[in-house]
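Worksheet: one structure, shown below.
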Amino acid sequence: MGIDIFYKNAFGRFMIKFFQKAGLFSFASFLMKTRLSKCWVPKYIENNHIDMSEFEGMEFNSFAEFFGRKRENIPFDMRKNVLASPCDSLLSVFEITEDMNIPMKGSHYRFEDIIPNKKTAEKYNGGMCLVFRLQASDYHHFCAFDNLELKETHYIPGLLHSVQPIAIESCPVYRLNRRWWSVIETENFGEVLQVEIGAMMVGGVTFARDKGSFTKGEEFGNFELCGSTIVLIVSKEFKEKFRFYDKFLKAESEEVAIKIGEGLGEINSQTN
């Protein structure tokens, strides 16, 4: 449960605001990057049932160093018409209504709440949001989901609320939290917006590079410390051609676990 217990009542939410203003989360984030924090790593692995078989024999000098550990040879669905997951996560799917509302996680967001750019918003009227909510135990690096060109990236300062369900249900986390949004031109899926949303303790995102080309499966970036969220925003044209695999059809009503590189659906080749 952890810090999410604070979201259960008004007093707890007041305390969260106090901690944020007092800079306590920033101090905790700093502490996680020191050698003092390495003693927390074994318990964290145990509590979250993390498979460390790929990292046998490795030593980490801080919790942040452990959290940023990098995997090699990640299996990726490389089929051309298949959209692969950019990260380990729990996947949810939400439609963008014709009036640009997104009924996400019990809250109704305007498109501009997530991406404050009206000109960009017009392109995604009637489109779809794919929300990848990373848990604390997930691998926090993320990869290119297709061959793509990163056109531009924008930073929106904000707070660092938890992205656990109880927090999302009690406040508009995806509007309030610190986030980065990028315009991406893909080889097979047209223009897509990608949003990285920070969470409690996640003070930043490291990108592989600011602009340029990425091949499918290539590392795109990584989050720093604890849970986070990635949102892919796709057009109405994409939504009409795309078909989810059976495993992910229920993502419109509940979160579904997915692994980095796993194919979640494909473009209908007859309409491509």
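For the atom pair CG of L36 and OG of S62, the computed distance is 10.5 Å after rounding to the nearest 0.5 Å. Atom-to-atom distance recorded for I45:CD1 and S137:OG is 12.0 Å, nearest 0.5 angstrom. The NZ atom of K241 sits 9.5 Å away from atom CG of N268, with the distance rounded to the nearest 0.5 Å. The line from CD of E266 to CG of N81 is 4.5 Å long, rounded to the nearest 0.5 Å. In this structure, CG on L264 lies 11.0 Å from CG on L249, to the nearest 0.5 angstrom.
Among residues two or more places apart in sequence or in another chain, the side chain to side chain donor-acceptor pair (under 3.5 Å) test is passed with N47 by none. Checked against ring pair (Phe, Tyr, Trp, His ring centres under 6.0 Å), F66 has the following partners two or more places apart in sequence or in another chain: Y44, F60, F63. Shown here are the side chain to side chain contact (heavy atoms under 4.5 Å, CB included) partners of N222, two or more places apart in sequence or in another chain: H141, T206, E219. Checked against side chain to side chain contact (heavy atoms under 4.5 Å, CB included), E252 has the following partners two or more places apart in sequence or in another chain: V93. Under the side chain to side chain contact (heavy atoms under 4.5 Å, CB included) criterion, P116 pairs with I156, W181, not counting sequence neighbours. Legend: residues meeting ring pair (Phe, Tyr, Trp, His ring centres under 6.0 Å) with F238, ordered by chain and number and at least two apart, are F189, F242. Applying the side chain to side chain donor-acceptor pair (under 3.5 Å) criterion to D51, with sequence neighbours excluded, gives S53. By the side chain to side chain donor-acceptor pair (under 3.5 Å) test, R35 is found to be paired with N61, residues two or more places apart in sequence or in another chain being considered. Partners of E65 under the side chain to side chain donor-acceptor pair (under 3.5 Å) rule, at least two apart in sequence or in another chain, do not exist in this structure. Listed by chain and residue number, nothing satisfies the ring pair (Phe, Tyr, Trp, His ring centres under 6.0 Å) test with F132 (two or more places apart in sequence, or in another chain).
Counting only distance, with no hydrogens or angles, the side chain of D138 and the backbone of Q135 share a donor-acceptor pair below 3.5 Å. Side-chain atoms of D77 do not come within 3.5 Å of backbone N or O of A84 as any donor-acceptor pair. Under the 3.5 Å distance criterion, the side-chain polar atoms of R179 are matched with a main-chain donor or acceptor of I114. Between the side chain of Y124 and the main chain of I233, no donor-acceptor pair closer than 3.5 Å is present. When atom types are taken as modelled, the side chain of N117 and the backbone of K119 share a donor-acceptor pair closer than 3.5 angstrom.
Between V82 and Y245, some side-chain heavy-atom pair lies under the 4.5 Å cut-off. Taking 4.5 Å as the limit, some side-chain heavy atom of I184 sits within range of a side-chain heavy atom of F220. For the pair N188/I267, no side-chain contact is recorded, criterion being any heavy-atom separation below 4.5 Å from C-beta on. Counting only heavy atoms from C-beta outward, the side chains of E255 and S92 approach each other to under 4.5 Å. S228 places a side-chain heavy atom less than 4.5 Å from the side chain of H140. I230 has its side chain out of reach of S89: every pair of non-hydrogen atoms, C-beta onward, lies at least 4.5 Å apart.
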For the pair V231 and L130, evaluate side-chain contact (heavy atoms from CB on, under 4.5 Å) and give the outcome as yes or no after the intermediate values. CA-CA 6 Å; V231 179; L130 309 177; over 6 Å; no

Would S85 and L91 count as a side-chain contact (heavy atoms from CB on, under 4.5 Å) here? Give the steps. CA-CA 9 Å; S85 175; L91 170 67; over 6 Å; no

Starting from the C-alpha separation in whole Å, work towards a yes-or-no answer on side-chain contact (heavy atoms from CB on, under 4.5 Å) for V192 and L148. CA-CA 10 Å; V192 176; L148 56 85; over 6 Å; no

Kindly determine whether F55 and R71 satisfy side-chain contact (heavy atoms from CB on, under 4.5 Å), including the steps that lead there. CA-CA 8 Å; F55 306 96; R71 293 172 53 191; 3.5 Å; yes

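G263 and F248 make their closest contact through O-CE1, 3.5 Å (heavy atoms, listed as atom of the first residue, atom of the second, distance). Counting all heavy atoms, side chain and backbone alike, T153 lies closest to D210 at OG1-O, 4.1 Å. The shortest heavy-atom contact between G217 and C143 is O-SG, 3.6 Å. In terms of heavy-atom proximity, F145 sits nearest to L83 at CD1-CD1, 3.3 Å. Nearest heavy-atom pair, L134 versus C87, reported as atom, atom and distance to 0.1 Å: CD1-SG, 3.8 Å. Annotation for V256 and K250: closest pair CG2-CG, 3.6 Å, computed over non-hydrogen atoms.
Salt-bridge annotation for E95 and K239: present, with a side-chain N of the basic residue lying under 4.0 Å from a carboxylate O of the acidic one.
By the 6.0 Å contact criterion, NZ on K236 is open, its count of non-hydrogen atoms from other residues, nucleotides or ligands being 12 or less.
Hydrophobic cluster membership is shared by M58 and W40, with clusters built from Ile, Leu, Val, Met, Phe, Trp and Tyr side chains linked at under 4.5 angstrom. Placement of I260 and I258 in two distinct hydrophobic clusters is found when ILVMFWY residues are connected by side-chain heavy-atom separations under 4.5 Å, directly or transitively. Residues I50 and Y139 do not share a hydrophobic cluster, clusters being chains of Ile/Leu/Val/Met/Phe/Trp/Tyr side chains in contact below 4.5 Å.
Within the structure, the salt bridge (charged side-chain N to carboxylate O under 4.0 Å, His left out) test picks out no pair touching residues 139-152 (sequence neighbours left out). Screening residues 180-198 for salt bridge (charged side-chain N to carboxylate O under 4.0 Å, His left out) gives K123-E191 as the qualifying pairs, with residues at least two apart or on separate chains.
In this pair, F207 and F142 present their aromatic rings perpendicular. The plane angle is above 60°, beyond the 30 to 60° band.
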